[in-house]
Asker: 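Supplied in structure tokens, the structure appears directly below.
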Amino acid sequence: MGINMLDMKQSNAQTVLWDLCSCKTSTIKEMTQRTGLSFATVGNILNSFVESGEVTLGEIHSATGGRPSQAYTFNAEYAHVLALSVRTRNGKNVISACVGNLYGEAVWQTEQSFENMRLASFEAMLDLSLRAYPTISIAAFSLPGVERGGVILTNDYTELEGASFTEHFQGKYHLPVVIENDVNAAVFGYSRNVEVSVIAGIYFPKRFGPGAGIVIDGKILKGACGFAGEVTLLPLGIDWLSIDYEKPQEAGPAISRLISVFCGIVNPGHVVLYGDFFTDAFQETLEREIPTQVIREIFPAIIYRRDLNSDITAGLIAQAVSAYQSGLRGQF
């Protein structure tokens with residue numbers, strides 16, 4: 001099979017563009033050394049990106065005994081990604097929106113509460129975000145439940161169950177859509193800032209049963225049917241909705257047992273616990289109630305976080321930027 005020259009040109013162009021993104025500013029000579037492409041190829045590619053606006057001209061670097069070098073700067077504001085996450089806070093259903101640039105930096109945020117959580121609720125936030133940033137090229141959503149093939153199978157907000165989520169939003173807005181479970185997104189966001197190969201995160205909303213997410217070597221573990229992390233399915237004999245989370249002697253042993261299950265299956269280095277009830281007394285009780293000495297020896301570092309919104313946003317934006325870099329972008 002012959003080499004497709006158009007594909008090669010596109011591949012070279014993407015190599016140059018994302019190499020420049022990784023270092024923000026660079027000269028042609030520096031990029032040729034990193035990419036292995038010729039000086040002429042890199043120069044021609046950069047000129048085309050300057051014309052499109054994806055790259056801007058930077059400073060002129062003077063060189064001793066040689067010609068000055070033109071620096072090029074990646075334009076992280078050329079396109080943007082949108083992260084939308086839903087949460088019940090103080091009895092209200094809240095959708096948070098965050099726009100990120102192509103460096104993954106947040107540039108705009110807002111949130112609104114809704115009486116009911118429906119597709120129209122997300123449409124309202126998408127409309128608001130697109131008015132603020134028409135350059136949004138990908139929309140990433142986090143939802144508390146299970147999605148497969150773009151269809152919502154289970155969800156804490158039952159009105160969303162059965163919805164063809166991806167098809168609906170891609171059809172209406174002509175944008176690629178990324179959907180992620182909320183805890184998966186949070187653990188993925190947390191994993192971006194630590195060097196730990198196996199991480200589990202567990203969220204305790206109290207109003208609903210807990211949910212978990214697992215990241216192994218930088219990848220989310222979803223399972224064959226997307227149900228990895230649905231810890232309420234585990235036959236532990238724990239009624240998560242009747243537990244009084246404010247009583248360490250009641251919640252501590254239950255959560256310690258749950259963490260022990262993860263120890264025996266994926267052996268995480270970190271477990272991130274998300275919730276608003278992790279007092280010093282609770283932390284002491286949890287550690288005291290580790291079921292066996294063997295589990296105690298492999299028990300992970302426990303990271304306590306009061307809210308998972310910032311980790312969700314970081315995870316969604318990272319996923320959306322990665323999808324953009326792979327070529328998934330509007331108009332869809």
Side-chain angles (χ1 to χ4, degrees), residues 13-14 17-18 20-25 48-58 72-87 89 93-114 117-143 147 150 160 165-180 182 184-186 188-189 192-193 307-332:
Q14 293 305 301
L17 183 64
W18 301 118
L20 183 59
C21 174
S22 68
C23 56
K24 298 189 176 182
T25 297
S48 69
F49 281 133
V50 170
E51 291 180 7
S52 69
E54 293 172 86
V55 171
T56 61
L57 295 177
Y72 295 82
T73 300
F74 180 79
N75 181 10
E77 306 298 330
Y78 175 80
H80 295 87
V81 299
L82 173 64
L84 290 171
S85 60
V86 58
R87 182 72 52 244
R89 188 189 307 142
N93 302 318
V94 178
I95 297 179
S96 300
C98 180
V99 174
N101 64 21
L102 296 180
Y103 286 146
E105 300 166 338
V107 297
W108 181 84
Q109 298 183 69
T110 190
E111 64 178 34
Q112 285 189 12
S113 60
F114 295 87
M117 201 53 64
R118 301 169 177 162
L119 294 180
S121 310
F122 291 95
E123 289 175 4
M125 295 304 289
L126 253 168
D127 292 339
L128 179 63
S129 303
L130 284 166
R131 285 195 294 271
Y133 278 85
T135 49
I136 290 171
S137 297
I138 291 182
F141 299 80
S142 77
L143 298 170
E147 164 271 336
L160 296 176
F165 207 88
T166 299
E167 181 181 355
H168 175 83
F169 286 100
Q170 284 183 170
K172 184 176 178 64
Y173 292 93
H174 306 289
L175 289 174
V177 168
V178 174
I179 305 176
E180 192 54 81
D182 54 352
N184 283 347
F188 185 71
R192 307 284 291 179
N193 296 312
D307 185 68
L308 71 169
N309 266 4
S310 59
D311 282 349
I312 286 177
T313 298
L316 288 179
I317 288 179
Q319 286 185 308
V321 170
S322 178
Y324 183 93
Q325 290 179 348
S326 70
L328 184 67
R329 61 191 73 168
Q331 298 286 327
F332 194 82

Asker: Does some side-chain heavy atom of L82 sit less than 4.5 Å from a side-chain heavy atom of L84?
Answerer: yes
Asker: Would you mind listing every salt bridge (charged side-chain N to carboxylate O under 4.0 Å, His left out) that reaches into residues 166-176, with sequence neighbours excluded?
Answerer: none
Asker: Please report the interatomic distance SG(C23) to CH2(W18), rounded to the nearest 0.5 Å.
Answerer: 12.5 Å
Asker: Search all heavy atoms of H80 against all heavy atoms of N101 and return the closest pair with its distance.
Answerer: CD2-CA, 3.8 Å
Asker: Hey, could you give me the OG/CG distance between S22 and L20, rounded to the nearest 0.5 Å?
Answerer: 7.5 Å
Asker: Mind listing the closest non-hydrogen atom pair of V94 and M117 along with its distance?
Answerer: N-CE, 4.2 Å
Asker: Does the side chain of Y72 reach to within under 4.5 Å of the side chain of T56, using non-hydrogen atoms?
Answerer: no
Asker: Rounded to the nearest 0.5 Å, how far does CD of E54 lie from OG of S48?
Answerer: 8.0 Å
Asker: Looking at R87 and I312, what are the two nearest heavy atoms and their distance?
Answerer: NH2-CD1, 2.9 Å
Asker: Do I138 and L175 come close enough that some side-chain heavy atom pair is under 4.5 Å?
Answerer: no
Asker: Could you tell me if the side chain of L160 sits less than 4.5 Å from the side chain of L143, heavy atoms only?
Answerer: yes
Asker: Can you name the residues that form a side chain to side chain donor-acceptor pair (under 3.5 Å) with D311, not counting sequence neighbours?
Answerer: Y274, R305
Asker: The criterion is side chain to side chain donor-acceptor pair (under 3.5 Å); which residues satisfy it with Q319, sequence neighbours excluded?
Answerer: E180
Asker: Taking C-beta and beyond as the side chain, do I317 and C98 meet within less than 4.5 Å on heavy atoms?
Answerer: yes
Asker: I want to check something: taking the side chain as every heavy atom from C-beta on, are T73 and V55 in contact at a cut-off of under 4.5 Å?
Answerer: no
Asker: For S96, check side chain to side chain donor-acceptor pair (under 3.5 Å) against everything at least two apart and list the hits.
Answerer: E111
Asker: Indicate, with yes or no, if the rings of F165 and F122 have centres closer together than 6.0 Å.
Answerer: yes
Asker: Ignoring hydrogens, what is the shortest heavy-atom contact between A318 and R192? Give both atom names and the distance.
Answerer: CB-NE, 3.7 Å
Asker: I need the minimum non-hydrogen distance between L102 and N75, along with the two atoms involved.
Answerer: CD1-O, 4.4 Å
Asker: Could you tell me if the side chain of F141 sits less than 4.5 Å from the side chain of V178, heavy atoms only?
Answerer: no
Asker: Does the ring pair (Phe, Tyr, Trp, His ring centres under 6.0 Å) test come out yes or no for F74 and F49, once each step is laid out?
Answerer: CA-CA 9 Å; F74 180 79; F49 281 133; 8.8 Å; no
Asker: Excluding sequence neighbours, so at least two apart, what forms side chain to side chain donor-acceptor pair (under 3.5 Å) with N93?
Answerer: T88
Asker: Say you draw a straight line from CD of E147 to OG of S142; how long is it, rounded to the nearest 0.5 Å?
Answerer: 12.0 Å
Asker: Would you confirm whether S85, through its side chain, and A83, through its main-chain N or O, come within 3.5 Å as a donor-acceptor pair?
Answerer: no
Asker: Could you pull out the closest heavy-atom pair between F188 and G315, with the gap in Å?
Answerer: CD2-O, 3.7 Å
Asker: Does any non-hydrogen side-chain atom of V86 lie less than 4.5 Å from one of F114?
Answerer: no
Asker: For residues 123-134, which side-chain N or O atoms pair as donor and acceptor with protein atoms under 3.5 Å away, sequence neighbours left out?
Answerer:
| unit_1 | atom_1 | unit_2 | atom_2 | d |
| --- | --- | --- | --- | --- |
| E123 | OE2 | H168 | NE2 | 2.6 |
| D127 | OD1 | Y173 | OH | 2.9 |
| S129 | OG | M125 | O | 2.8 |

